[in-house]
Structure formats: C-alpha cells, structure tokens
Number of protein chains: 2
Amino acid sequence: MTITIKDIANKAGLSPASVSRILTNRGRFNAETAQKVRDLAESMGYFKNQSAADLSQKESRVIGVLVPSSHTNFADEIIKGMQSKAYELNYELIVAFVESDIQQQIQTVKSLLSRNLLAIAMLAIDIDDTVLAVLLDTNVQLISVSNQLNNKIPSISSNNYDTVHDIVDYLYDNGHRDIALIGSSRPEPIVANLRRQGFINALSEHGITYNPDFIWGVENTYQTGLDAIKHFGVPLPFSAAIGSADIISIGLLNGAKDAQLSIPEDLSIVTIDGTDLTQLTRPILTSTKQNFQLMGQLAITSLAEKKLSPHTIIFTDTTLVLGGTVASPLQRGKEN
Amino acid sequence: MTITIKDIANKAGLSPASVSRILTNRGRFNAETAQKVRDLAESMGYFKNQSAADLSQKESRVIGVLVPSSHTNFADEIIKGMQSKAYELNYELIVAFVESDIQQQIQTVKSLLSRNLLAIAMLAIDIDDTVLAVLLDTNVQLISVSNQLNNKIPSISSNNYDTVHDIVDYLYDNGHRDIALIGSSRPEPIVANLRRQGFINALSEHGITYNPDFIWGVENTYQTGLDAIKHFGVPLPFSAAIGSADIISIGLLNGAKDAQLSIPEDLSIVTIDGTDLTQLTRPILTSTKQNFQLMGQLAITSLAEKKLSPHTIIFTDTTLVLGGTVASPLQRGKEN
DNA sequence: TTGAAAGCGCTACCAT
DNA sequence: ATGGTAGCGCTTTCAA
C-alpha cells in the first residue's frame, strides 16, 4: 500500500490538485498550508511516483546518458560535471552503459527512449550508424560529449586540432624534430582526423614534412602504446611521441621501460586527456588536460536551454600540464 | 504526436488489450495476428511508454544501481557483470552516481525510489545511516555488492578475512616476517575489520605477534600509499606491505621509488582488488584478484529470485595473481 | 483468442 | 488560493 497524493490530500482536507501544486512548487498556494502539506508528506513517508508524473507531463526533465562500458576513466569526470549541474537545475540523470554489441546497444537505447526523455547525451561514443538512426528518428535532443560525430549531432569537446597543434609547437620549441602521433588512426572518428590534421599542419608550419609512418595505431588502448615501441624498435626513429589518450601514453612509457629506454632522455611523451592516471607514472606524464567536468556542465546547460542545432560545436579549453616526460634533445644535435 | 498502443490497435483492427498482450508476450493470442502487430509496431515506429507501463504494473523489472562517483575503477566491472545478466534475464538497470554530499545522496536515492523499482544495488558504498534509513523504510529489495554493511542488508563480496589471511600466508612462505597492512582502518566498515582480523590471526598462527603500528592508513586512496612510505621512513621497518586497494598499492610503489627504494628488493607488495591498474606499474603488481563481474551477475540473479534475507552473505572467489612485486627476503636472515 | 473498461498516480486546465 | 476532473498510455480482470 503506497501513499499517494490523494492520501495526503484527504488528511490535509485539500484536493489532490493543491497537494500536487505544493509538492512541485508550481502555481499559487498558501505558504502555511504548504508547510502543513510538506510535513504531512514527510511524516506519512510519501514518495512521488515519477512514472505517473512523467505520464501526465509533456515536458520531461530527465536526461539519458550513454556511457561506454569499456574502461574510459574520464567518463566519470564528465558525469560528475553533468550531475552537479543537473542537481542544481533540478534535472534528473539516467545513466546507461552501452556494450560494444550492437543488439545490446539498440536494446539499451530503446529502453532509454521508452522513458520520455528530454535529451540523450553520449559520452565519448563512436556510435554505430544503425543505433544512431534509431536515435535520430525520435524527437529527443541529442548531444555528443567529448567526441565530435558527423555534423548530425551537436557536440561538446576540446578543440582537437588546436590541442595537437599546440603540443607539436611545444615539442618543437623543446628541440624535437622527429615526432610521432600514437593512437587511433581510423579515418572515421572525426576526432582522430582533426588530431592528425593538427599534427601535420603544425609540423608543416615549422618546415617539417611529416612522416606518415609516424602516425601509428589502431585503437586507443594500453596495448597500442606497448606495441608502438615494439613496432618502431630501438633506437626509436623519433625523439618524442604524442599519446592520444593517457592509457596509450602509459603503454608507451612502460613499453619504453621494458625496452631499457630512459624517459624522457630517450623518448619524450606528451599525453592527451590528463586524467588522474597521469599522476601514477614515474616520471609523471606531461599532458594537455581536457576540462571534462566543464564539458559535463555545459552539456546540461545547453540541453536545458534547448538552443542546440545539429551543427553546434562547443569547445572547452585544454591546459598544458608539465610533468617529467619531456626533455630537450637540442644538445644531441637533432636540429635539421 | 507519439504512437501509442491504441494507434496500432486501430490500424490492426484489434483492441489495445490484444496489442498489449502481444507486445509483452503475455497471455494468449494468435501467432499470425501477433506477427502482424509486431510488424506494424516496427513500421509505425512505436516505442513503449515505460512510465505508463510502470504505472499500471505492480511487479517492476527495474533495478537501481548506486555507484560511488569517486573513481573506483572496479565499479565498471561489476556493472558490466550486472548488465550482461540483466540483459539476459530481461531486467533493466538504472544507474545513479552518488556524491559524498549527504543531501545530494538523499536526493539521488529519492529520485531512484520514485521509480517503482524491484531493487537497489549498492556498489562498494559505505552508505550513510540517514540515507540507509530512507532505503530501509521502503519495500524495495536491497543488496550491497563488493562491500559488507551491517547485517541489515544482504551482500555479495569477496571473503575479506580469508583473502588477507591468504596473503599473509603467502608472504610468510616467502620469508616475510614483518608485514604491514595499508589502507582504510576505520573500524566502521566491516570490510576493514575483517581484513584486519584476517591479518592479525594469520600472523598469530605463524607465531608472530602483530605490531599495531603496522596497520596504517585512513582512506583507500593513492595518497595514503604515498604517505605510508613517508610515514614509516627509510629503511622501512617491514619487508612487505599489503595494499587494501590497487590504487593504494600504486601509491606505495611510487612512494617507494620516490624514496629510492627498489621494488621488490626493499619492499614487497601484494595488492587487493587486482584490476587492470595492476598491469600499469613496473614491476607489475602481485595481487589477489576479486571476481567483480561474477559479483555483478550474482547480484542480479539473486535479486531476481527474491530469496535474499538481510543476513545473506554471498562470497565470490579471489585468485592470487603473480606479478613482480614480491621477493623472498630469507637470505637476509629475517627469520625470527 | 479477443474486447470493454477500470484504474495506476499525477498534472493541468478550467472553475470557483 | 483551492477544487473538480479529464486524461496521459498501459495493463489487467472479466466477459464474450
């Protein structure tokens, strides 16, 4: 036997309508009766039945969040940002993890979609086209966080072009001329493309023709980092490497150690992401830190404002955080 | 304009009741009409309105999952286990992250509770008493995964007593006599207590009176590991340390490196948890790996069966995984 | 096998 | 400021 608004109304000598207004803070009501009702609700152990509310309301305040179940240690930070903002603006988050299995993805998405959502936010997901089709077919707002998809969906992310460009500049200024970019190089994710372009253009602006071999890797995994060292062999043909994700860079660092290389003397590393993982290595990783919390907050506010067009792209800042993985090889006469 | 069951019924020349029965696979219906209805639903782009369904159903198939928002890298694995099982048994998961702020916790719990849940699973959460009170006040099933609470809630976890006991045995067999236990030592979480008891008893069984100073630490954080080394100073008064969580052990390892100690020669480390993090260090951490996926699966199956009593405790197995952080100090004449 | 209709708990509109 | 009430979309008896 659950307590309903009606029960409260009876006990308070009011109508369900009034109780509803009071409990949701909508419309006009007497402050004193309001307090009485709230006390009553509390003491009777009332819980709102959100399903009933959803059913009778047009406007939803629920935002679905799709998170890749594969270990992405920054998803937490984005969610944290989203949650604090959602709490503040009185929105509710429903988080769903998506596996790599497409059928399961569709089922997850459908179960989300069956809940009258205001919007769905996708965190760092390269979503499958068939799943995306399902999503686009509905009228919930969509947003991609920390990843730019095709311009069918608005997105919030770092400026990946600039980020890599800046890293190259930084490495160049430290005397590096032979630089590698390690990580997912599939053409499809726009992010990988932008990074590649930033990489190539920055080198070119410094008068360096990039070596296509130095853009290497398939996935953004630890193994990719480890493999990279084995692939290129010792001595490495480059003096610095950019890791497309912290976990890759840790792979690079461990791979280098396993090959008896010294960091940063034999290999400088700059990593993209800058999560807490960077603090766990020795030396600590030099990184360009993305502002994941801010991404999360902006996701909520912009969804709340409902001014997003499919082409909207919002960039958040990145910060160069110095660790101990960049050396200056100038003295080694590496200049060209 | 959303498509409802009624729309389908009209188009199919049936009643909403029949459509409902077909789409939910309940009750009797004609196989041919069923196929027709399903096709129709598909082509019309029908989405079940779960809120409406929840409202008119007594039995819920939704399980709420409370996850600490603080980075616990094994929560992912538990959730993965839960999700695969939930998918298989046709349950739905709603994940909510809880912050440390109590008010926010209550709000999160309430918003979960307002959704007609079958159960709530708490992952590795030492829940606040006031929040717990709210939870116990309802009639949703509760379960604690990877953490034992007071016996008011059933739980699934590793046998923490045995785990630490086994580690001590292992270290003893490798010649260690002075062993430390680093990590949360607050008396309240039962887990910490069990580990402490396993630690003390195992030592005692080997004829060693434990040194209370060697049980050290307040929180299960990276910093605790780092601080431990500073706290005890060099040379360390013990030859081996047990880290209560991977992140602590990494702290120990880095702290030791920062103090110019060699691992494992100057300090052996065994870590509890055994997540992927253990692979990222050099040397790789020796660990007792918990079976998080299994915990997640068991959580779902046992909730589905509804046979849990508040005192139920389910243990999952742990495995000793050899890394490179344990040495045998026998030759140093450490025997007593 | 199928249909009619009540009702889940809440909100919103229109009155008062 | 408050009340009456229709109705959100679905499930579920009970009857046909």
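Below, chains carry the letters A, B, ... as their sequence lines are ordered, and counting in each starts from 1.
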Would you say the side-chain atoms of Q290(B) and S158(B) include a donor-acceptor pair closer than 3.5 Å? yes
Can you tell me how far P of dC8(D) sits from CD1 of I5(B), to the nearest Å? 14 Å
Quick one: salt bridge (charged side-chain N to carboxylate O under 4.0 Å, His left out) pairs with a partner in residues 39-64 of chain A, sequence neighbours left out? D54(A)-R115(B), E59(A)-K306(A)
Over how many whole Å does the gap from N49(B) atom CG to dG7(D) atom C1' extend? 13 Å
Output the residues of residues 35-45 of chain A in contact with DNA chain C, where contact means a heavy atom of the residue under 4.0 Å from an atom of the strand; sort by number or write none. none
Would you name the heavy atoms of L123(B) and P68(B) that are closest together and state the gap between them? O-CD, 3.1 Å
Rounded to 10 degrees, the angle between the two terminal axes of the helix from dT1(C)-dA16(D) to dT16(C)-dA1(D), each from five pairs: 30°
Among V67(B), L149(B), V131(B), whose side-chain contact (heavy atoms from CB on, under 4.5 Å) with M122(B) holds? L149(B)
N/O (side chain, T2(A)) to phosphate O (OP1/OP2, dG9(C)) under 4.0 Å: yes
Collect all protein-nucleotide pairs involving nucleotides 2-6 of chain C in which both atoms are nitrogen or oxygen and the distance is under 3.5 Å.
from	atom 1	to	atom 2	distance (Å)
dT2(C)	OP2	N30(B)	N	2.9
dG3(C)	OP2	S15(B)	N	2.8
dG3(C)	OP2	S15(B)	OG	3.3
dG3(C)	OP2	S18(B)	OG	3.0
dG3(C)	N7	R21(B)	NH2	2.9
dG3(C)	O6	R21(B)	NH2	2.8

Run the side-chain contact (heavy atoms from CB on, under 4.5 Å) test on I94(B) and V65(B) for me, step by step, so that the C-alpha distance in whole Å, both residues' side-chain angles and the decisive distance to 0.1 Å come before the verdict. CA-CA 6 Å; I94(B) 290 189; V65(B) 185; over 6 Å; no
Are the side chains of I153(B) and I127(B) in contact, using a 4.5 Å heavy-atom criterion? no
Just the rounded figure in Å: distance from P of dC10(D) to CZ of R61(B). 19 Å
Please tell me whether N116(A) and N49(B) have a donor and an acceptor in their side chains that are separated by less than 3.5 angstrom. no
Go through the steps for S157(A) and T316(A) under the test side-chain contact (heavy atoms from CB on, under 4.5 Å), then give the verdict. CA-CA 6 Å; S157(A) 69; T316(A) 52; over 6 Å; no
Minimum heavy-atom separation for I125(B) to L66(B), with atom names? CD1-O, 3.4 Å
If I take atom CZ in residue R115(B) and atom C1' in nucleotide dC8(C), what distance separates them, rounded to the nearest angstrom? 16 Å
Describe, in one word, how the ring planes of F74(B) and F292(B) are oriented to each other, choosing from parallel (under 30°), tilted (30 to 60°) and perpendicular (over 60°). parallel
Please give me every residue in residues 52-59 of chain A whose heavy atoms get under 4.0 Å of an atom in DNA chain D, ordered by residue number. L55(A), S56(A)
So what does T4(A) hit on the nucleic acid, given a heavy-atom distance under 4.0 Å: a base, only sugar-phosphate, or nothing? sugar-phosphate
Rounding to a whole Å, what distance do you find between I8(B):CD1 and dT11(D):P? 11 Å
Choose from dG9(C), dA12(C), dC10(D) the nucleotide whose nearest atom is closest to any side-chain atom of Y46(B). dC10(D)
Please report the closest heavy-atom contact between A124(B) and N147(B), naming both atoms and the distance. CA-CB, 3.9 Å
Contacts satisfying salt bridge (charged side-chain N to carboxylate O under 4.0 Å, His left out) that involve residues 128-140 of chain B (not counting sequence neighbours) are none
Round to a whole Å and report the spacing from CD of Q50(A) to P of dC8(D). 19 Å
Here the pair of heavy atoms bringing L142(A) nearest to P154(A) is O-CG, 3.1 Å
Report which part of the nucleic acid S51(B) touches: base, sugar-phosphate, or nothing (heavy-atom distance under 4.0 Å, all strands). nothing
Can we say E77(B) and K80(B) salt-bridge, meaning some charged N sits less than 4.0 Å from an Asp/Glu carboxylate O? no
